[in-house]
Amino acid sequence: MESLALQAFSTVTTAPFSLSSRSSLHLRSRPIAKIFQPSVFPSSSILTLRSPLKPLLLLPERPKPLISPIRAVSRNDSTPPTETTTSPPPQGAKLFPLFLSISIGLIVRFLVPKPVEVTPQAWQLLAIFLSTIAGLVLSPLPVGAWAFIGLTTSIVTKTLPFASAFSAFTNEVIWLIVISFFFARGFVKTGLGDRIATYFVKWLGKSTLGLSYGLTLSEALIAPAMPSTTARAGGVFLPIIKSLSLSAGSRPGDSSSKKLGSYLIQSQFQSAGNSSALFLTAAAQNLLCLKLAEELGIVISSPWVSWFKAASLPALVSLLLTPLILYKLYPPETKDTPDAPAMAAKKLENMGPVTRNEWIMVGTMLLAVALWVCGESLGIPSAVAAMIGLSILLLLGVLDWNDCLSEKSAWDTLAWFAVLVGMAGQLTNLGIVSWMSGCVAKVLQSLSLSWPAALGVLQASYFFIHYLFASQTGHVGALYSAFLAMHLAAGVPGMLAALALAYNTNLFGALTHYSSGQAAVYYGGVSLFSSLF
């Protein structure tokens with residue numbers, strides 16, 4: 001899901017931190033000789049010919065573009081311009097990943113002996129589920145398309161009736177995740193997240209270490225009301241880090257990247273998981289973990305408060321130590337940034353006073369967080385609280401319906417995530433999860449492992465198996481229920497097991513450059529400081 005959220009910001013312009021953005025829009029009278037690939041998160045300091053929605057200011061409308069997106073002609077080029085065509089991208093599924101994904105399901109269904117404890121229906125659904133998971137990892141098709149094919153297969157083969165196959169599409173948690181994308185868009189569209197982060201740079205940015213702490217703490221502050229780590233990375237922090245780094249002479253792709261940019265990127269990337277683990281509503285996968293735990297009988301009362309109480313000590317300690325540890329292990333060449341507070345103050349001056357829409361965003365998010373904290377006592381579920389917040393933003397014009405429609409990642413997540421959750425729930429109902437956990441429990445008992453030792457083994461396995469996944473929520477949908485059942489069968493206390501797996505889900509988001517949406521943002525969004533990873 002997180003990697004799909006990269007599309008969410010392709011139409012949003014984020015004000016850069018650099019003070020030279022006005023000069024960068026100066027137009028030359030001569031043709032442009034070279035065209036650079038646009039960033040995934042365009043800023044006003046990068047000249048592009050067209051935005052996805054409308055032409056940039058100062059650029060006149062033309063009936064036809066004078067510069068081809070494939071080739072530009074300088075005035076010294078005597079060769080007349082010619083149309084350059086490219087072959088269309090390949091259509092349909094990638095054959096080798098398709099073959100492997102289908103083969104896994106067929107092997108399980110027809111070649112692996114069915115255990116006597118498992119019904120034929122359950123075994124067939126397990127085969128379809130494993131084939132679906134393999135496709136999510138190998139990507140023969142986009143995840144939404146592949147999940148839909150898996151859903152269709154479960155119905156066509158009469159493994160599941162139509163109503164059961166689509167049951168998860170009414171899941172409150174999934175709709176809460178969808179609405180979280182819209183909240184994140186509101187933060188980016190209004191510029192509120194950018195303003196908050198800039199204030200922290202102004203207050204703490206005199207040194208590189210202080211700058212890192214300012215960015216880290218500002219993310220922790222906005223995390224509970226901006227429930228998407230990817231949105232925070234791409235919509236708020238990456239543009240600020242990029243502009244600060246370039247202003248300090250730290251440029252991507254050469255040795256100067258180690259002056260400032262590499263350290264700031266790495267520090268923010270590694271700290272993001274701690275911010276997401278601190279609050280229940282700071283990341284979509286947190287909500288899903290508790291929903292899946294509830295299906296296995298682990299019901300956590302006052303979930304927002306209970307989550308925060310359990311996470312606060314390790315998360316806050318990690319937030320305070322991560323920038324310092326990286327400062328020692330991966331030291332920046334530039335230790336002091338005396339100009340950063342002045343740059344931040346200048347940017348805040350240019351931004352002007354807090355706008356009406358920013359105040360509305362602040363009030364709406366405070367209301368949403370208050371309802372998430374106290375909603376249980378008021379009889380207001382978390383998803384309904386989010387719906388109330390979104391309704392306010394729509395009624396007051398902070399967001400419009402086109403903003404919601406353009407969040408393709410939200411609707412795509414609704415499609416594929418509901419399929420995974422629905423299949424996982426049916427596997428639990430048909431007894432597959434309890435059968436698997438029983439088998440693992442027997443192995444652990446044969447090794448004479450106590451429950452604390454079993455906890456360590458299972459948590460480590462859950463963590464390192466993420467090398468096979470490119471999505472935190474995909475990992476949760478595929479494996480969380482099975483691993484939680486294994487913990488319970490090994491005698492691990494239910495609440496400890498459920499929360500430990502959930503916190504682990506946030507931490508392995510920084511394991512690789514492909515392990516999460518924010519990893520993809522920081523690593524590939526603008527190809528910034530690629531030597532970092």
> Are side-chain heavy atoms of Ser271 and Pro323 found at a separation under 4.5 Å?
Replying inline: yes
>> If you define the side chain from C-beta out and look only at heavy atoms, does anything of Ile174 sit under 4.5 Å from Thr413?
In response: no
> Heavy-atom distance under 4.5 Å between the side chains of Leu290 and Leu499, does that happen here?
Replying inline: yes
>> Give me the atom names and distance for the closest heavy-atom approach of Leu138 to Ser101.
In response: CD1-OG, 3.7 Å
> Would you call Leu296 and Thr428 a side-chain contact if the rule is heavy atoms closer than 4.5 Å?
Replying inline: yes
>> In the structure I gave you, are the side-chain heavy atoms of Pro142 and Phe148 within less than 4.5 Å of one another anywhere?
In response: no
>> If I compare all heavy atoms of Val398 with all of Lys189, which pair ends up nearest, and what's the gap?
In response: O-NZ, 3.4 Å
> Tell me, do Phe237 and Ile222 make a side-chain contact under 4.5 Å, heavy atoms counted?
Replying inline: yes
Hey, can you pull the donor-acceptor pairs under 3.5 Å for the side chains in residues 479-498, sequence neighbours left out?
| unit_1 | atom_1 | unit_2 | atom_2 | d |
| --- | --- | --- | --- | --- |
| Tyr480 | OH | Ala498 | O | 2.9 |
| His487 | ND1 | Phe483 | O | 2.7 |
| His487 | NE2 | Gln459 | NE2 | 3.1 |

>> Within this structure, what is the NE2-CG distance for the pair His475 and Leu288, rounded to the nearest 0.5 Å?
In response: 12.0 Å
>> Please give me the minimum heavy-atom distance between Leu136 and Ser139, naming the atom from each residue.
In response: O-OG, 3.8 Å
>> Looking at Leu319, is its backbone amide N or carbonyl O close enough to the side chain of Thr322 to form a donor-acceptor pair, meaning the two atoms are under 3.5 Å apart?
In response: no
> Quick one: does Ser446's side chain have a donor or acceptor within less than 3.5 Å of a partner on Val443's backbone?
Replying inline: yes
>> Just verifying a value: how many Å separate Ser131 OG and Leu106 CG, rounded to the nearest 0.5 Å?
In response: 7.0 Å
> Counting only N and O atoms by type, is there a donor-acceptor contact under 3.5 Å from the side chain of Thr281 to the main-chain atoms of Pro224?
Replying inline: yes
>> Please determine whether side chain to side chain contact (heavy atoms under 4.5 Å, CB included) holds for the pair Ile241 and Leu215, giving the CA-CA distance in whole Å, both sets of side-chain angles, and the decisive distance to 0.1 Å.
In response: CA-CA 9 Å; Ile241 292 172; Leu215 294 171; 3.7 Å; yes
>> Within this structure, what is the CG-CG distance for the pair Leu393 and Leu399, rounded to the nearest 0.5 Å?
In response: 5.0 Å
> Does Ser515 reach the main-chain N or O of Thr512 with its side chain, forming a donor-acceptor pair under 3.5 Å?
Replying inline: yes
>> Phe166 vs Phe162, test: ring pair (Phe, Tyr, Trp, His ring centres under 6.0 Å). Steps then yes/no.
In response: CA-CA 6 Å; Phe166 279 86; Phe162 189 92; 4.5 Å; yes
> So, do Ser516 and Thr229 sit near enough that their side-chain heavy atoms are less than 4.5 Å apart?
Replying inline: no
> With no hydrogens and no angle check, is any side-chain donor or acceptor of Asn171 less than 3.5 Å from a backbone partner on Val421?
Replying inline: no
>> Quick check for you: to the nearest 0.5 Å, what is the distance between Ile133 atom CD1 and Ile104 atom CD1?
In response: 10.5 Å
> Mind checking whether Leu501 and Cys289 have side chains closer than 4.5 Å, heavy atoms only?
Replying inline: no
> Does Gln124 offer a backbone N or O that forms a donor-acceptor pair with the side chain of Thr159 under 3.5 Å?
Replying inline: no
> How far does OG of Ser212 sit from OH of Tyr263, to the nearest 0.5 angstrom?
Replying inline: 3.5 Å
> Of the options Thr505, Thr473, Asn506, which is the one that meets Gln285 in a side chain to side chain donor-acceptor pair (under 3.5 Å)?
Replying inline: Asn506
> Can Ser228 and Ser180 be counted as having a side-chain donor-acceptor contact under 3.5 angstrom?
Replying inline: no
> ring pair (Phe, Tyr, Trp, His ring centres under 6.0 Å) between Phe129 and Trp123: does it pass, once the steps are laid out?
Replying inline: CA-CA 10 Å; Phe129 181 74; Trp123 193 248; over 10 Å; no
>> side chain to side chain contact (heavy atoms under 4.5 Å, CB included) for Leu221 and Leu217? Distances and angles first, verdict last.
In response: CA-CA 6 Å; Leu221 178 64; Leu217 294 177; over 6 Å; no
> Could you give all pairs that pass the salt bridge (Lys or Arg N to Asp or Glu O under 4.0 Å) test and reach residues 213-227, with sequence neighbours left out?
Replying inline: Glu219-Arg232
> If every non-hydrogen atom of Phe200 is compared with every non-hydrogen atom of Ser218, which pair is closest and at what distance?
Replying inline: CD1-CB, 3.4 Å
>> Does the plane of the ring in Phe508 sit parallel, tilted or perpendicular to the ring in His466? Use 30° and 60° as the thresholds.
In response: parallel
>> For residues 280-314, which residue pairs pass the ring pair (Phe, Tyr, Trp, His ring centres under 6.0 Å) check, not counting sequence neighbours?
In response: Phe279-Trp304, Phe279-Phe308, Trp307-Tyr503
> Are any side-chain N or O atoms of Ser406 and backbone N or O atoms of Asp403, one a donor and one an acceptor, separated by less than 3.5 Å?
Replying inline: yes
>> Looking at every non-hydrogen atom in both residues, tell me the closest pair between Asn274 and Gln270 and how far apart they are.
In response: ND2-O, 3.8 Å
> Is there a side chain to side chain contact (heavy atoms under 4.5 Å, CB included) between Glu358 and Val354 once you walk through the steps?
Replying inline: CA-CA 6 Å; Glu358 287 179 274; Val354 180; 3.5 Å; yes
>> Quick one, Val236 with Phe187, criterion side chain to side chain contact (heavy atoms under 4.5 Å, CB included). Give me CA distance, side-chain angles, the key distance, then yes/no.
In response: CA-CA 9 Å; Val236 178; Phe187 265 90; 5.6 Å; no
> With no hydrogens and no angle check, is any side-chain donor or acceptor of Trp372 less than 3.5 Å from a backbone partner on Pro303?
Replying inline: no
> Taking all non-hydrogen atoms of both residues, which atom of Leu278 and which atom of Ala315 are closest, and how far apart?
Replying inline: CD1-CB, 3.7 Å
> Does the Ser164 side chain pair with the main chain of Leu160, one donor and one acceptor, at a distance under 3.5 Å?
Replying inline: no
> Side chain of Ser312, backbone of Lys309: donor and acceptor closer than 3.5 Å?
Replying inline: yes
>> Nearest 0.5 Å, please: how far is CD1 in Ile380 from CE in Met387?
In response: 12.0 Å
